[in-house]
Amino acid sequence: MENVNLEGKLSGMHVNGESHMGGNNKDNADATLNDVQITCFTEDLHDATLHFQIIRFSKQIYAWIGCNSAKFGHLYAAAPTRPNNSISVTSLLGGNADNTGSSMARRLVLKMGLSVVLACNIPKDSPILEATAERKLIERLKILGYIRTGPHQHPG
Amino acid sequence: MNTTSTSTLTTHFPVGHKKTSVVIKENKTDVIVCRYDDYFMVMVTQLGCVGTILHARKEEGILVDPTFSVSVIFGKRDEPLLVAFGRQLIEHISFCGSSRPLVLTVGLKDHSPGTLKEIISVVLENRLW
């Protein structure tokens, strides 16, 4: 008899949280996706200090990487372009196609599938520093959920 | 005009920024102002992307009155009001005593003078110069 009573009580319960699903939660999620989010952090390496600023828009990401200073550096834009979604990169301020930052911008687009505007003042001829900066940036982008791992990456 | 603002000018991170969001003619408009060592950056968007990018700087010369150079480096090159927008901001930066150049990004649904006027006032309220 006790079991029947318990089952009756259980069948009368419903899990709280269903009220959170539906319109309000979707609106909150949409609002969050449409909000601009700014993330700033610093990584201290033994021979350099790297500063990172990530500004996430709903359709694009801006990132700045500073090496030992807050100088703006060179500015690049990269995006998937027609006809076959290959990645195009252009230098907008300073720099040229083979500077630090241009290849990094390209790889960011490959990983995220979003167009990227990247400013970077890492000195040229510093491949290890460049690779470290890119790794740190991508790690943070993954933590923030801006990069999805696995089959969602841009095919390039 | 509904406004929500955040700002961080902490000494820990070397780049200060201010972010605000306003509604202009029913369009949600995000405005971000950043201060780097050698640049100011102003980002204005209604589109969820950076949009057109302009570069503005004061040209040092021998004349008493400064001259300014504003150019579109990415995006729409046929919107003169965007260049005028950049010009107003770089003049204001110069008037406030800074000679840093400006990177201005503008992604708008509406490029009318009234909208740009409101955006300019929002930027100046949140300026970092």
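Lettering follows sequence order; numbering is per chain, from 1. Just the heavy atoms: all of them, side chains too, but no hydrogens, waters or symmetry mates, feed the values below.
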>> At a 4.5 Å cut-off on heavy atoms, which part of B:I53 comes close to chain A: side chain, backbone, both, or neither?
In response: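 For B:I53, the contact with chain A is made by the side chain alone.
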> Any idea which heavy atoms bring A:A119 and A:L75 closest together, and the distance?
Replying inline: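 A:A119 and A:L75 have their closest heavy atoms at CB-CD1, 3.9 Å.
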>> So which residue, B:T105, B:I73, B:V103, ends up with the most heavy-atom pairs under 4.5 Å with chain A?
In response: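 Top option by heavy-atom pairs under 4.5 Å: B:I73.
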> Checking B:R100 against B:Y39: charged group under 6.0 Å from the ring centre and within 45 degrees of the axis?
Replying inline: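 Verdict for B:Y39: no cation-pi partner in B:R100.
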> Considering residues, nucleotides and ligands other than B:E26, do more than 12 of their heavy atoms fall under 6.0 Å from its CD?
Replying inline: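 Check fails, neighbour count at 12 or below.
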> Of the backbone (N, CA, C, O) and the side chain (C-beta and beyond), which part of A:Y62 lies under 4.5 Å from a heavy atom of chain B, both, or neither?
Replying inline: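 Side chain only.
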> For B:I120, what residues pass the side chain to side chain contact (heavy atoms under 4.5 Å, CB included) criterion, not counting sequence neighbours?
Replying inline: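 Residues passing side chain to side chain contact (heavy atoms under 4.5 Å, CB included) with B:I120: B:F85, B:Q88, B:L124.
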